[in-house]
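What follows is one structure encoded as structure tokens, with my remarks underneath.
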Amino acid sequence: MKKPSTERKSRTSTNREKNREFAIITYLFVGMFMMMMGYFVWFQVFRSEDFINSPYNARQNTFSEHVVRGEILSADGKVLAQTLVGEDGSETRQYPYGSMFAHAVGYDSNGKSGIESFGNFSLLRSHAFALEQVVNGIQNQKNPGDNIVTTLDYGLQETAYQALGSNRGAIVVLEPATGKILAMVSRPDFDPNTIEAEWDSIIADTEDDNSVLVNRVTQGLYPPGSTFKILTTLEYLREHENYQDYSYECTGSISMENTEIHCYNHAVHGTENLETSFAKSCNTSYANIGLGLDKKAFQQLCDSMLFQKNLPISYPFNKSSFVLKEDSSTDEVTQTAIGQGKTLVTPIHMAMITSAIANQGILMRPYVIDRTENYKGITVKEYKPSRYGALISEEEAAKLQEFMALVVQEGTGSKLSGQSYQAAGKTGSAEFSSNKSESHAWFTGYASAEGKETIAVTVIVEKGGAGSSTAVPIAKQVFDRYFSR
């Protein structure tokens with residue numbers, strides 16, 4: 001039998017090598033094509049609307065050449081923003097309730113903010129009937145844009161706005177079981193009807209206290225004061241199964257190294273356990289508690305509670321901060337334990353923590369757009385409640401609920417006791433400067449009643465003094481309005 005020549009073997013081997021390379025290149029291109037198709041489908045389904053709706057997308061405004069911007073409505077049908085069309089075809093954006101919904105709804109001139117910004121794409125789309133759009137096109141008329149129906153409750157917004165009055169500060173109301181934003185008030189504020197005319201004077205005023213365009217609910221960073229004792233307590237519960245054995249003798253002040261901490265208004269609380277320390281908001285007891293906590297574990301707890309992290313909300317926000325290290329000084333540790341020092345938090349973040357506690361540890365993503373509909377009222381898209389995740393366990397939530405209920409029953413939130421609803425919460429009086437006589441007034445809490453959804457309310461009044469005397473009555477007005485109907 002004749003053996004194949006060496007040359008033939010070499011040629012066969014070379015051909016096989018080329019075929020293998022060709023196959024590899026073919027598979028590589030097929031694989032890349034499949035990945036590109038997969039990414040294209042994913043982008044179309046999940047991300048395209050986000051990109052189109054980005055406030056940085058200048059092409060959105062071209063839609064307004066063919067569509068009259070839609071309305072923004074409250075959950076109960078009040079028109080919060082609408083476009084008036086004059087006989088000459090001129091369009092004017094009108095806000096019937098002026099500054100009451102300023103930060104929640106936003107504005108649509110000199111840039112955009114609020115729902116006017118992140119809902120811009122929906123407001124400039126039209127789902128009018130196809131034949132109607134054809135006729136409008138032939139007549140060179142614009143189509144009516146889609147409307148946005150929000151989760152905002154007009155009555156609660158009105159009550160919160162009036163309750164805050166001329167004070168600087170913020171109020172936010174959430175529905176813990178769904179994440180619906182029911183009210184959002186930030187002051188100082190502005191009238192979106194006149195913002196274009198007043199724009200130069202608004203941006204020329206650079207004083208921090210007068211930054212009227214800042215939505216203090218999501219962008220205002222404040223020392224949390226004693227509301228932060230919710231987290232200090234949680235860390236203590238995690239580290240001490242025998243927390244019921246805790247005992248402390250409050251004499252009104254505590255001195256450690258070069259640090260001295262006083263209870264608010266130099267109160268002397270006497271003998272306390274953990275529950276009464278929390279209910280009376282005893283600074284010296286919590287400074288004592290803070291010294292015994294595991295700093296690394298405390299940092300991890302606050303990280304898990306979304307400090308230093310992005311919040312799952314549509315509004316622009318600032319990250320809350322919590323700074324505690326292994327080598328932190330005694331002063332830093334004690335100040336942190338009582339919600340002072342470098343700890344800063346936004347009202348919406350505090351409301352989210354409170355909502356999770358009220359909702360058995362589960363945080364629902366806060367949202368403010370309930371649905372979009374065409375101008376005939378036919379639903380185009382619905383936004384469903386979505387779960388962010390469990391911030392704490394159900395057992396921990398139940399324990400914190402007990403502590404917060406005691407604040408109302410016999411502590412600093414007693415103005416909320418004896419109502420037709422059951423309230424729970426935590427007050428705070430947060431120092432914000434070297435002037436120890438001034439403080440921001442805080443309250444964060446929730447209330448329930450049979451037959452009604454639980455709501456969470458967070459209030460901060462800048463330079464408002466004690467949370468118990470300033471913030472709690474404001475929260476009570478909101479609770480009263482909600483549970484009285």
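Note that the coordinates shown come from a computational prediction; the quantities given were computed from them, not determined experimentally.
Between P312 and M352, the shortest heavy-atom distance links the atoms CD-CE, 3.5 Å. Across every non-hydrogen atom of A337 and K229, the tightest pair is O-CG, 4.0 Å. Nearest heavy-atom pair, L164 versus R187, reported as atom, atom and distance to 0.1 Å: CD2-CG, 3.9 Å. Nearest heavy-atom pair across F190 and P192 is O-CD, 3.4 Å. Listed here is the closest heavy atom pair of Y421 and L416: OH-CD2, 4.2 Å. Taking each heavy atom of A430 and P223 in turn, the nearest pair found is CB-O, 3.1 Å.
D76 is linked by a side-chain hydrogen bond (donor to acceptor under 3.5 Å, both in side chains) to S74, counting only residues two or more places apart in sequence or in another chain. Residues that satisfy the side chain to side chain contact (heavy atoms under 4.5 Å, CB included) test with A398, not counting sequence neighbours, are absent from this structure.
A side chain to side chain donor-acceptor pair (under 3.5 Å) check over residues 172-184, counting only residues at least two apart or in different chains, returns the pairs E175-T178.
Ring planes of F228 and F322: parallel class, angle under 30° (limits at 30 and 60°). Note on ring orientation: taking the six-membered ring where Trp is involved, the planes of Y154 and F101 are parallel (angle under 30°, cut-offs 30° and 60°). Note: Y236 and H240 have parallel aromatic rings, judged against thresholds of 30 and 60 degrees for the angle between ring planes.
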One pair to check against side-chain contact (heavy atoms from CB on, under 4.5 Å): S414 and Q409. What are the steps and the verdict?
CA-CA 6 Å; S414 59; Q409 292 164 10; over 6 Å; no

Quick one: do E116 and Y95 satisfy side-chain hydrogen bond (donor to acceptor under 3.5 Å, both in side chains)? Show the steps, please.
CA-CA 11 Å; E116 291 278 34; Y95 302 88; 2.7 Å; yes

Do T458 and I171 pass the side-chain contact (heavy atoms from CB on, under 4.5 Å) test, and can you show the C-alpha distance, the side-chain angles, and the key distance before you say yes or no?
CA-CA 6 Å; T458 296; I171 301 173; over 6 Å; no

Between I289 and L274, is the side-chain contact (heavy atoms from CB on, under 4.5 Å) condition met? List the steps.
CA-CA 9 Å; I289 288 170; L274 186 61; 3.5 Å; yes

Start with the C-alpha gap between L213 and I195, add the side-chain angles, then the distance that decides, and say whether side-chain contact (heavy atoms from CB on, under 4.5 Å) holds.
CA-CA 10 Å; L213 298 180; I195 193 169; 3.9 Å; yes

Stepwise salt bridge (Lys or Arg N to Asp or Glu O under 4.0 Å) test for D153 and R485:
CA-CA 13 Å; D153 181 307; R485 57 192 186 188; 2.4 Å; yes

Pair Y315, H103 - check ring-ring contact (aromatic ring centres under 6.0 Å, His included), show working.
CA-CA 10 Å; Y315 287 93; H103 294 91; 9.7 Å; no

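Formation of a donor-acceptor pair under 3.5 Å by the N359 side chain with backbone atoms of G361 is not found in this model. A donor-acceptor pair under 3.5 Å is absent between the side-chain atoms of S226 and the main chain of S281, judged by distance alone. Looking at Q157, its side chain does come within 3.5 Å of a backbone N or O of M100 through a donor-acceptor pair. Looking only at distances, no side-chain donor or acceptor of T343 sits under 3.5 Å from a matching main-chain atom of G339. Checked by atom type and distance alone, the side chain of Q335 never pairs as donor or acceptor with a backbone atom of E332 at under 3.5 Å. Judged purely by atom type and a 3.5 angstrom limit, T354 has no side-chain atom pairing as donor or acceptor with the backbone of T444. In this structure a side-chain-to-backbone donor-acceptor pair under 3.5 Å is present from Q340 to E431. When atom types are taken as modelled, the side chain of Q419 and the backbone of S417 share a donor-acceptor pair closer than 3.5 angstrom. Under a 3.5 Å cut-off, the side chain of H440 and the backbone N or O of K463 do form a donor-acceptor pair. T412 places no side-chain N or O within 3.5 Å of a backbone atom of K280 that could act as its donor or acceptor partner.
Using a 4.0 Å cut-off between charged side-chain N and carboxylate O, D303 and K309 make no salt bridge. Taking 4.0 Å as the cut-off between side-chain N and carboxylate O, R481 and E158 count as a salt-bridged pair. Ion pair R371/E373 flagged as a salt bridge, since at least one NZ, NE, NH1 or NH2 atom sits closer than 4.0 Å to an Asp/Glu carboxylate oxygen. Classification of K399 and E402 as a salt-bridged pair holds, one side-chain N sitting under 4.0 Å from a carboxylate O. Salt bridge status for R216 with E462: present, with a side-chain N to carboxylate O gap under 4.0 Å.
H269 has its side chain out of reach of S285: every pair of non-hydrogen atoms, C-beta onward, lies at least 4.5 Å apart. Put simply, the side chain of M404 reaches to within 4.5 Å of the side chain of Y446, judged on heavy atoms. Side-chain contact between T336 and K342 is absent, with no heavy-atom pair separated by less than 4.5 Å. With contacts defined as side-chain heavy-atom distances shorter than 4.5 Å, the pair K319/L311 does not qualify. Annotation: side chain of Y248 is in contact with side chain of T284 (closest heavy-atom distance under 4.5 Å). Put simply, the side chain of I357 reaches to within 4.5 Å of the side chain of I230, judged on heavy atoms. Counting heavy atoms from C-beta outward, L406 and F278 have side chains that stay 4.5 Å or more apart. Inter-residue side-chain proximity for L291 and T330 is flagged as met; some heavy-atom pair is nearer than 4.5 Å.
When each of I72, D370, L73 is paired with T150, the side chain to side chain contact (heavy atoms under 4.5 Å, CB included) condition holds for I72 and for no other.
Between the side chains of S320 and H349, a donor-acceptor pair is found at a separation under 3.5 Å. In the model, Q82 has a side-chain atom that pairs as donor or acceptor with a side-chain atom of Q94 under 3.5 Å. For S117 and N120, the side-chain atoms include no donor-acceptor pair closer than 3.5 Å. Counted by atom type alone, T427 and S468 present zero donor-acceptor pairs between their side chains at under 3.5 Å. Counting only N and O atoms by type, the side chains of Y243 and E275 include no donor and acceptor under 3.5 Å apart. Using a 3.5 Å distance cut-off with no hydrogens or angles, the side chains of E260 and S253 do not pair a donor with an acceptor.
In this structure, K112 forms no cation-pi arrangement with Y107, as its terminal cationic atom is not both closer than 6.0 Å to the ring centre and no more than 45° off the ring axis.
Atoms CZ and CD, from F483 and Q422 in turn, are 8.5 Å apart once rounded to the nearest 0.5 Å. Interatomic distance, CG of L344 versus OH of Y222, reported as 11.0 Å (0.5 Å rounding). If you take OH on Y246 and CG on L237, they are separated by 12.5 Å, rounding to the nearest 0.5 Å. Here the straight-line distance linking atom OG1 of T151 with atom CD1 of I369 works out to 9.0 Å at 0.5 Å rounding. Rounding to the nearest 0.5 angstrom, the gap separating the OG1 atom in T233 from the CD atom in E235 is 10.5 Å.
For E326, the CD atom counts as densely surrounded, since its 6.0 Å shell holds more than 12 non-hydrogen atoms of other residues, nucleotides or ligands. By the neighbour-count criterion of 12 heavy atoms within 6.0 Å, atom NZ of K452 is densely surrounded, having more than that number from other residues, nucleotides or ligands.
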